[in-house]
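Both backbone and side-chain heavy atoms feed into the values below; hydrogens, waters and symmetry mates do not. Residue numbers start from 1 in every chain, and the chains themselves are labelled A, B, ... in the order their sequence lines are given, proteins ahead of strands.
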Amino acid sequence: MERGFDEAKCRQLAGSLLARYDREGRDLPWRRTRDPYRIWLAEIMLQQTGVKTVLAYYARFLERFPTIQSLAAAELEAVLSIWQGLGYYRRARHLHATARQVSDELGGRFPETCEAMGRLPGIGPSTAGAILAIAFGQHQAILDGNVKRVLARLLALETPPDAPAGKRILWEQARRLTPRERPGDYAQAIMDLGATVCSPRRPACPSCPWQGDCAACRLGRPDLYPVRLARMPKPRKYQFQALVTRPDGRVLLLPNRDATLLGGLWHPPGDEPGGSPTPPEAQIVRRHLAEAFGIDVATPLPLEAVTHTFTHFHLTVFPFLCSWQAGEPPEASGGRWIDWRLDRHTPLATLHRKVLARLG
DNA sequence: AAAACGGGGTG
DNA sequence: CACCCAGTTTT
């Protein structure tokens with residue numbers, strides 16, 4: 001299974017890929033710089049989202065935080081406010097932590113070895129390789145989702161790329177194929193190929209510089225690769241959330257201080273997600289607000305349910321409109337009354353924007 | 001409604 | 001190495 005291409009063939013493959021990239025590669029903002037800060041930021045954003053979505057966030061982020069020092073100096077909440085809607089918020093926290101580490105402990109410069117780079121929060125083997133190759137011109141391989149797909153097809157790999165054996169094989173082949181000349185352009189070129197030509201569903205094999213050497217294409221079924229691991233179905237969970245509104249329209253929101261769970265973002269009060277698929281009685285919601293926050297509301301009014309899919313489960317939220325009558329949240333809860341439509345400083349996850357939108 | 005995509009962290 | 005991470009987009 002470890003078979004691959006000999007050295008001469010690898011050089012030829014890299015050459016034809018680079019030629020395609022030079023001719024037809026997309027012109028993207030992070031390809032117009034060698035600033036490690038800008039390349040790092042792009043790689044982190046691209047871990048989780050397509051190019052189209054990242055473009056808008058990337059421009060806004062750099063406008064607000066043009067240097068790693070400005071990012072390091074910012075409050076986490078300001079970073080999350082720019083990041084909100086992109087999802088996977090832990091990566092924004094890692095981004096902030098790495099900015100502080102590089103700025104405060106490393107003299108503002110990214111480390112230039114794979115080991116040191118990989119110790120920074122949010123940077124693993126593939127992202128480390130990408131930054132080292134693209135920003136510093138080092139001979140380093142990458143193995144992101146695009147590269148996994150391209151190489152799995154090139155080799156007609158029968159092992160799932162996400163299985164330990166598949167990863168080992170693909171990392172080895174990725175290293176063999178990475179040229180000593182222009183390793184950074186090669187990294188961009190193979191990601192570009194995977195995103196545009198060797199796409200997940202309908203690869204455009206006639207446009208591919210590797211068509212003549214691709215085992216999956218020769219078999220006539222490039223779509224059968226990469227072989228997927230079976231996935232566990234996502235469980236469904238349910239919870240209520242109380243939209244406690246003041247006469248002036250402001251809503252009670254609470255900060256999430258749990259470092260691992262949407263840390264730093266805000267949400268309406270509610271119960272823990274659980275297994276019961278029916279909305280609670282209004283009096284349950286009312287009692288929850290009284291007991292947890294000492295807040296008295298008029299009879300909660302059920303609103304249309306909101307469904308949202310997360311990484312590992314589907315969630316249905318039963319929102320309740322609760323008109324505030326008396327009481328203030330205890331200091332320790334950190335609760336704030338927020339005009340969520342106008343507020344620019346209170347970061348919310350997409351789910352909670354959807355729930356608040358039920359207020360009309 | 002279901003499937004596919006996605007890379008790093010943690011113990 | 002197995003499991004986890006408060007999503008999005010396509011079909």
Which nucleotide in the set C:dT8, C:dC1, C:dA6 lies at the smallest distance from any side-chain heavy atom of A:Pro164?
-> C:dC1
Counting side-chain heavy atoms from C-beta on, which of B:dG7, C:dT9, C:dA6 comes nearest to A:Pro273?
-> C:dA6
For A:Leu143, report the nucleic acid contact type (base, sugar-phosphate, nothing); a contact means any heavy atom under 4.0 Å.
-> nothing
Tell me which nucleotide among C:dA6, B:dG9, B:dG6 gets nearest to the side chain of A:Arg149.
-> B:dG6
At under 4.0 Å between heavy atoms, what does A:Pro233 touch on the DNA or RNA strands: base, sugar-phosphate, or nothing?
-> nothing
Among C:dT11, C:dA6, B:dG7, which nucleotide sits nearest the side chain of A:Arg201?
-> C:dT11
Using the closest heavy atom to pick a nucleotide of DNA chain B for each, name whichever of A:Arg236 or A:Pro125 lands nearer the 5' end.
-> A:Arg236
Of the listed C:dC1, C:dG7, B:dG7, the closest approach to the A:Tyr89 side chain comes from C:dG7
Scan A:His267 against the nucleic acid and name what it touches under 4.0 Å (heavy atoms): base, sugar-phosphate only, or nothing.
-> nothing
Check: A:Phe310 ring centroid to A:Phe313 ring centroid under 6.0 Å = yes
Among B:dG8, C:dG7, C:dT9, the one nearest any side-chain atom of A:Thr127 is B:dG8
Whole angstrom value for the distance that separates P of C:dG7 from CD of A:Gln84 | 13 Å
Kindly say if A:His94 contacts the phosphate of B:dG7, meaning a side-chain N or O under 4.0 Å from OP1 or OP2.
-> no
To the nearest Å, how far apart are A:Phe313 CZ and C:dG7 P?
-> 8 Å
Nearest to side-chain heavy atoms of A:Thr311, which nucleotide of B:dG6, B:dG9, B:dA4 | B:dG6
Ignoring hydrogens and angles, are the base of B:dG7 and the side chain of A:Lys148 linked by a donor-acceptor pair under 3.5 Å?
-> no
At under 4.0 Å between heavy atoms, what does A:Glu43 touch on the DNA or RNA strands: base, sugar-phosphate, or nothing?
-> nothing
Remember a base hit wins even if backbone is also touched, and classify A:Thr309 as base, sugar-phosphate or nothing at under 4.0 Å, heavy atoms.
-> base
Do NZ/NE/NH1/NH2 and the carboxylate oxygens of A:Arg31 and A:Asp192 come within less than 4.0 Å?
-> yes
Among the candidates B:dG9, B:dC5, B:dG6, find the nucleotide nearest to the side-chain atoms of A:Arg90.
-> B:dG9
Of the candidates C:dG7, B:dG7, B:dG9, the side chain of A:Gln47 sits closest to B:dG7
Side-chain-base donor-acceptor pair under 3.5 Å for A:Tyr88 and B:dG7 | no
Nearest whole angstrom, please: distance from the P of B:dG8 to the CD1 of A:Ile44.
-> 8 Å
When you measure from the side chain of A:Arg344 to the backbone N and O of A:Leu342, does any donor-acceptor pair fall under 3.5 Å?
-> yes
Which of the following nucleotides, B:dG8, C:dT9, C:dA6, is nearest to the side chain of A:Leu351?
-> C:dA6
After noting the C-alpha distance and the side-chain angles of A:Glu105 and A:Arg119, does the key distance pass the salt bridge (Lys or Arg N to Asp or Glu O under 4.0 Å) rule?
-> CA-CA 13 Å; A:Glu105 298 167 24; A:Arg119 277 197 296 273; over 6 Å; no
Do NZ/NE/NH1/NH2 and the carboxylate oxygens of A:Arg246 and A:Asp248 come within less than 4.0 Å?
-> no
If each of A:Thr53 and A:Gln241 is mapped to the nucleotide of DNA chain C with the nearest heavy atom, which maps nearer the 5' terminus, i.e. the 5' end?
-> A:Gln241
N/O (side chain, A:Thr350) to phosphate O (OP1/OP2, C:dT8) under 4.0 Å | yes
How many Å lie between CG on A:Asn256 and P on C:dA6, as a whole number?
-> 9 Å
B:dG6 and C:dC3: how far apart are their C1' atoms, nearest whole angstrom?
-> 15 Å
Separation between OH (A:Tyr37) and CZ (A:Phe110), nearest 0.5 Å, reads 8.5 Å
Separation of C:dT8 P from A:Arg91 CZ (nearest whole Å) = 13 Å
May I ask you to say whether A:Glu7 pairs ionically with A:Arg11, meaning some side-chain N is under 4.0 Å from a carboxylate O?
-> yes
A:Lys234 atom NZ is separated from B:dA4 atom C1', nearest whole Å, by 10 Å
Using atom CZ of A:Arg228 as one end and atom P of C:dT11 as the other, report the distance to the nearest whole Å.
-> 15 Å
Just call it for A:Gly85: base, sugar-phosphate, or nothing, with non-hydrogen atoms closer than 4.0 Å on any strand.
-> sugar-phosphate
Let me know the distance between CG of A:Leu229 and P of C:dC3, rounded to the nearest Å.
-> 12 Å
